[in-house]
Amino acid sequence: MHHLWSEHGSLVQAHQEVQAMASIGQLVDIQWKLGMAVSSDTCRSLNSPYISILMKIADASGEISYKSFEMTVLQFQNFFRQFKEMASVMETV
Amino acid sequence: MSDADDLKALSALLNGIAQKVYYGKSEISEELLKSEIYPDASQEEFHALHEKMRGLLKSMASADMDQTQLEAFLTAQTRKHGGVSTEQAAALARFWKAHRARVRDSLQTQSRWEPGLRALNWRVDVQTASSRGQTSSTPVALVELELGRNGQDSEFVSLEFDELRVNQVLKKLEDIQKHIDSLVHHS
């Protein structure tokens, strides 16, 4: 038995069934945009970089949906770090 | 009111305005501020003071004034007709020094209209399958993204990834990081 733990409590489970939850999707494609908010009607000098992400998601039946969201540079760096951790955990399985 | 009381009241007013305009406390009204801070002032007097301070804060926030700009700005205000006294200018300077970063943060957040990433949770499961006595284990990452716009309820997006997909995403994220780095170095 392998026991793998990440600080997020990753679990090792025997998964006999196929992913059954209809609400879990697969990421088909991910597009990104690095932008800079220059100014707004309330702030003449925003100088605020942001990362905009567009996800193309397929649900269990193959239906496609899109979700988009924005991150600050700090949030992006955390996002990046989490995916690196995920990859390293998966690698050791 | 004594001078000291005057300035204390002014600081409280500036704080109240900031709470409402920049820190999201929409329940704070002009009437509330008057009743709490300047109960004895006339309606017109208070309104004029409130508007003046609101306008000054707006200018300071809009330009994200640094020390130099602030000094020049406030000095000009003390010199013009219907401006501020030197004591009031000092109170404004003190206030801005304490609140500048937070106000800036708030303005940046308010300018974001797309959903933000509120949280990211994940775990890795191992799928085991056996075929003719041989078992293989495949890792599957389950990711939950919590997305939400300012002041609105969160939306949860659940996704699953095999190792290949995770690495594909990682490649894109590395690309983004490269671009962020070059953005920082060219600015």
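Just so it is clear: chains get the letters A, B, ... in the order the sequence lines come, proteins before strands, and each one is counted from 1. Values in this document were obtained by computation on a predicted structure and should not be read as measured data.
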State the CG-CE distance between L120(B) and M86(A), to the nearest 0.5 angstrom. 5.5 Å
Side chain, backbone, both or neither of I51(A) within contact of chain B (heavy atoms, under 4.5 Å): side chain
Only residue of V157(B), V143(B), L142(B), L159(B) satisfying side-chain contact (heavy atoms from CB on, under 4.5 Å) with I24(A) is L142(B)
Please answer: with hydrophobic residues joined when any side-chain heavy atoms are less than 4.5 Å apart, are V28(A) and L54(A) in the same cluster? yes
Turns out that what part of M90(A) lies under 4.5 Å from chain B's heavy atoms comes down to both
Transitive ILVMFWY side-chain link W122(B) to L170(B), under 4.5 Å: yes
Heaviest contributor of heavy-atom pairs below 4.5 Å to chain A, chosen from V169(B), V21(B), D64(B), is V169(B)
Chain A contact via E155(B) - which portion, at a heavy-atom distance below 4.5 Å: side chain
Verdict with reasoning, L117(B) to N78(A), per side chain to side chain contact (heavy atoms under 4.5 Å, CB included): CA-CA 11 Å; L117(B) 181 65; N78(A) 178 52; over 6 Å; no
So how far is it from E70(A) CD to R149(B) CZ, rounded to the nearest 0.5 Å? 9.5 Å
Contacting moiety of T72(A), where chain B heavy atoms sit under 4.5 Å: side chain
Between K67(A), E91(A), Q31(A), which shows the greatest number of heavy-atom pairs under 4.5 Å with chain B? K67(A)
To the nearest 0.5 Å, tell me how far S40(A) OG sits from Q110(B) CD. 8.5 Å
Is it the backbone or the side chain of N47(A) that comes under 4.5 Å from a heavy atom of chain B, or both, or neither? both
Contacting region of F79(A) [heavy-atom separation from chain B under 4.5 Å]: both
Assigning hydrophobic clusters by single linkage (Ile, Leu, Val, Met, Phe, Trp, Tyr; side-chain heavy-atom cutoff under 4.5 Å), is Y23(B) placed with L13(B)? yes
Rounded to the nearest 0.5 Å, what separates atom CD1 in I180(B) from atom OH in Y50(A)? 13.0 Å
Name the option with the most non-hydrogen atom pairs under 4.5 Å to chain A; the candidates are G116(B), S62(B), S111(B), P139(B). S62(B)
L147(B), part contacting chain A, at a heavy-atom distance under 4.5 Å: side chain
Is there a continuous path of hydrophobic side-chain contacts, each under 4.5 Å between heavy atoms, that joins L70(B) to Y22(B)? yes
Other residues, nucleotides, ligands: >12 heavy atoms within 6.0 Å of F156(B) CZ: yes
Assess whether side chain to side chain contact (heavy atoms under 4.5 Å, CB included) is satisfied between L173(B) and F76(A), documenting all intermediate values. CA-CA 9 Å; L173(B) 299 182; F76(A) 166 76; 3.7 Å; yes
Scanning both residues in full, the closest heavy-atom pair of S68(A) with P115(B) reads O-CG, 3.6 Å
Step-by-step side chain to side chain contact (heavy atoms under 4.5 Å, CB included) determination, H179(B) to W32(A): CA-CA 11 Å; H179(B) 281 80; W32(A) 59 269; 3.6 Å; yes
Could you state the interatomic distance from CD (E114(B)) to CE (M71(A)), rounded to the nearest 0.5 Å? 12.5 Å
Applying a strict under-4.5 Å side-chain criterion to I, L, V, M, F, W and Y, I'd like to know whether V73(A) and I30(A) cluster together. yes
Please find the pair of heavy atoms, one from A63(B) and one from S45(A), that lie closest to each other, and give the distance. O-OG, 3.9 Å
Quick one: does any side-chain atom of R104(B) pair with a main-chain N or O of L46(A) as donor and acceptor, under 3.5 Å? yes
Chain A heavy atoms under 4.5 Å from Q168(B): which part of the residue, side chain, backbone, both or neither? neither
Can you say whether A141(B) sits under 4.5 Å from chain A via the side chain, the backbone, both, or neither, judging by heavy atoms? both
A side-chain contact here means heavy atoms from C-beta on lying under 4.5 Å apart; do M55(A) and L145(B) qualify? yes
Neighbour count >12 (heavy atoms, 6.0 Å) for atom CD, E63(A): no
With a 4.5 angstrom heavy-atom cut-off, which part of R165(B) approaches chain A: side chain, backbone, both or neither? side chain
Kindly check if the number of other-residue, nucleotide or ligand heavy atoms within 6.0 Å of NZ (K58(B)) is above 12? no
Bottom line for L27(A): the part with an atom under 4.5 Å from chain B's heavy atoms is both
For the pair D29(A) and K172(B), evaluate side chain to side chain contact (heavy atoms under 4.5 Å, CB included) and give the outcome as yes or no after the intermediate values. CA-CA 10 Å; D29(A) 190 24; K172(B) 295 235 172 176; 3.7 Å; yes
Using non-hydrogen atoms and a 4.5 Å limit, figure out which bit of K84(A) sits close to chain B: side chain, backbone, both or neither. both
